[in-house]
Amino acid sequence: MIRRFSPMLAIAGRELQSVVATPAGWAVIGGTLAAVLLTAVLSAPGGYQATSVDLYVMLELLIPMVGVAIGYRGLLQDRLSGEWSIHRAMGVRPSRYVIGALTGQATVLGLLVGTGTAGAAVLVWIGRTRPLSFLASNPAVADPAPMLWLIGLSVAYGVVIAAVVGLLSVYARGRRSAVLGSVVVVGALIVGLDAVTIATSTPLSVMVLVSPGAAYRTLVLTLGVGLTTGGPVLLALLGWIGWVLIAVALSVRRLQAMV
Amino acid sequence: MSVPVITADELILIRGGRQLCRGCTVTVPATELTVIVGPNGSGKTTLLEALAGLREPAGGGVRQLVDPPFGYLPQRPSFRGGFTVIETLRYYRQFTPRGRGLSPEDVLAKVGLTGRGGDPVDALSGGMTRLFALAVALIGDPAVLLLDEPMSGLDPQMRDAIVGILRAERDRGRAVVMVTHALETISPIADHVVLLGGDSTTRSGPLAQLLEETDTGGLADLYRSVTEWDL
């Protein structure tokens, strides 16, 4: 069993190391943490719930951006350099390779977002002794549960984005097309699908199925912040699972057919 | 001929919409050094990729009679930046079955890169990168080595070093398959030849037998005769 997973773990570890091995990777790490913490600093006096609301709006866009920055070249680079061929000749299956790379990139995203959001929670905790505002009189303000939900859901959202960016990386012909394709497709996924579904008055249940961003929003607001009730949580989760499965399956299929 | 490790029967290979190999039948023997030769664009790399299991043939089939890992050296190798030579070797060693594989230090010594373990892989010269790619191919101590122009861009000294490595691997019982244009260099140690004609036909067999049949004096002469040859 361990032997079965070890190639995936090796590939995942390499993706992790790839981010911290370059100045560009550190720039992404620093920028992400700075963005999350700055948002937290600005909204921390409002308590956990208000900070969660402020953060999720920003994270819905930040996570795809970071996903593109760290994921656009992973599989592409190996494919163009011949390293994918070396892996395959050594007996690494396309499915393990894709899942390993996805695990590594999602872990990077998760660590970044998780660390940033946990830092934000600490800031809220530090600021808890400030004079109570109107919002702070609400018991929910002192409850860190919304932020824990936000961390978990943000990590899961990162997995979805990493899977989609990985798929684009497998299909891209070069670095430029990988970056452009990722920006266009992920942008369309997050903003475009929302716009279309809103313009066509699509029911929320359909919207969360097709739009990962809408699913993230729904899950955070329903499960995390608790500002809405009765949101289509199951459909949102199904939508995410669908995106991941389809992206992984298409990536594997593409890699099976190519050197 | 020793037992085969890879067989390809009635292969049809297509690349970029062009048929490169029409009904090729190739046998890769264990413990022998097989050289794939032919004019540019005749499909040597495509055939090597098919033998390595990296490319699905349009017709026919490839049977690999030994289990991976295979050592593979791509035509234009490069490696992910941000890692050192030794880190990259350690990474690839993880894909070899437990108890198999060579130590990264031993492999570096084998290809003449002792002392370069701490160098970033993306700082190696073209020739050094090719030597390092050979080290990566060797790290799993594979039963079969598939090498695409391992001597391309190397100086004569490095070429001789690679010939020595390949001879040693063959003598250790490994099957070595290589695409090369360095025919004069490789001729003394080649055992088996696959000739690809420009008209997508193939002929293969022991080098000695082909030389006798064509009345040629060496691999280079044999290659020169390919364009005139009715394969």
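As a basis for the values below, the full set of heavy atoms in this structure was taken, side chains included, without hydrogen atoms, waters or symmetry mates. Numbered from 1 within each chain, the chains take letters A, B, ... in sequence-line order. Since the structure is predicted, the reported quantities are computational estimates derived from the model, not experimental observations.
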A.B. asks: Taking atom types as modelled, find out whether B/R63 and B/T7 have a side-chain donor-acceptor pair closer than 3.5 angstrom.
C.D. replies: no
A.B. asks: So for atom CZ, which belongs to A/R176, do other residues, nucleotides or ligands contribute more than 12 heavy atoms lying within a distance under 6.0 Å?
C.D. replies: no
A.B. asks: What part of B/P74 is in contact with chain A, defined as an atom under 4.5 angstrom from a non-hydrogen atom: side chain, backbone, both or neither?
C.D. replies: side chain
A.B. asks: Would you please indicate if the ring centroids of B/F83 and B/Y91 are separated by under 6.0 Å?
C.D. replies: no
A.B. asks: Where does the angle between the aromatic ring planes of A/Y216 and A/Y157 fall among parallel (under 30°), tilted (30 to 60°) and perpendicular (over 60°)?
C.D. replies: parallel
A.B. asks: Is it the backbone or the side chain of A/L80 that comes under 4.5 Å from a heavy atom of chain B, or both, or neither?
C.D. replies: neither
A.B. asks: Identify which part of B/R76 has an atom lying under 4.5 Å from any heavy atom of chain A, answering side chain, backbone, both or neither.
C.D. replies: backbone
A.B. asks: Given a strict heavy-atom distance threshold of 4.5 Å, which part of B/I139 is in contact with chain A: side chain, backbone, both, or neither?
C.D. replies: side chain
A.B. asks: With respect to chain A, which residue among B/P77, B/G81, B/P68, B/A137 yields the maximal number of heavy-atom pairs within a distance under 4.5 Å?
C.D. replies: B/P68
A.B. asks: Would you verify whether the NZ or CZ of A/R254 falls within 45 degrees of the ring axis of A/Y171 while also being under 6.0 Å from that six-membered ring's centre?
C.D. replies: yes
A.B. asks: Taking CD in B/E105 as the centre, count heavy atoms belonging to other residues, nucleotides or ligands within less than 6.0 Å. Is the count above 12?
C.D. replies: yes
A.B. asks: Identify which part of A/Q77 has an atom lying under 4.5 Å from any heavy atom of chain B, answering side chain, backbone, both or neither.
C.D. replies: side chain
A.B. asks: Against chain B, work out which of A/Q17, A/H87, A/R14, A/R73 has the most heavy-atom pairs shorter than 4.5 Å and name it.
C.D. replies: A/R14
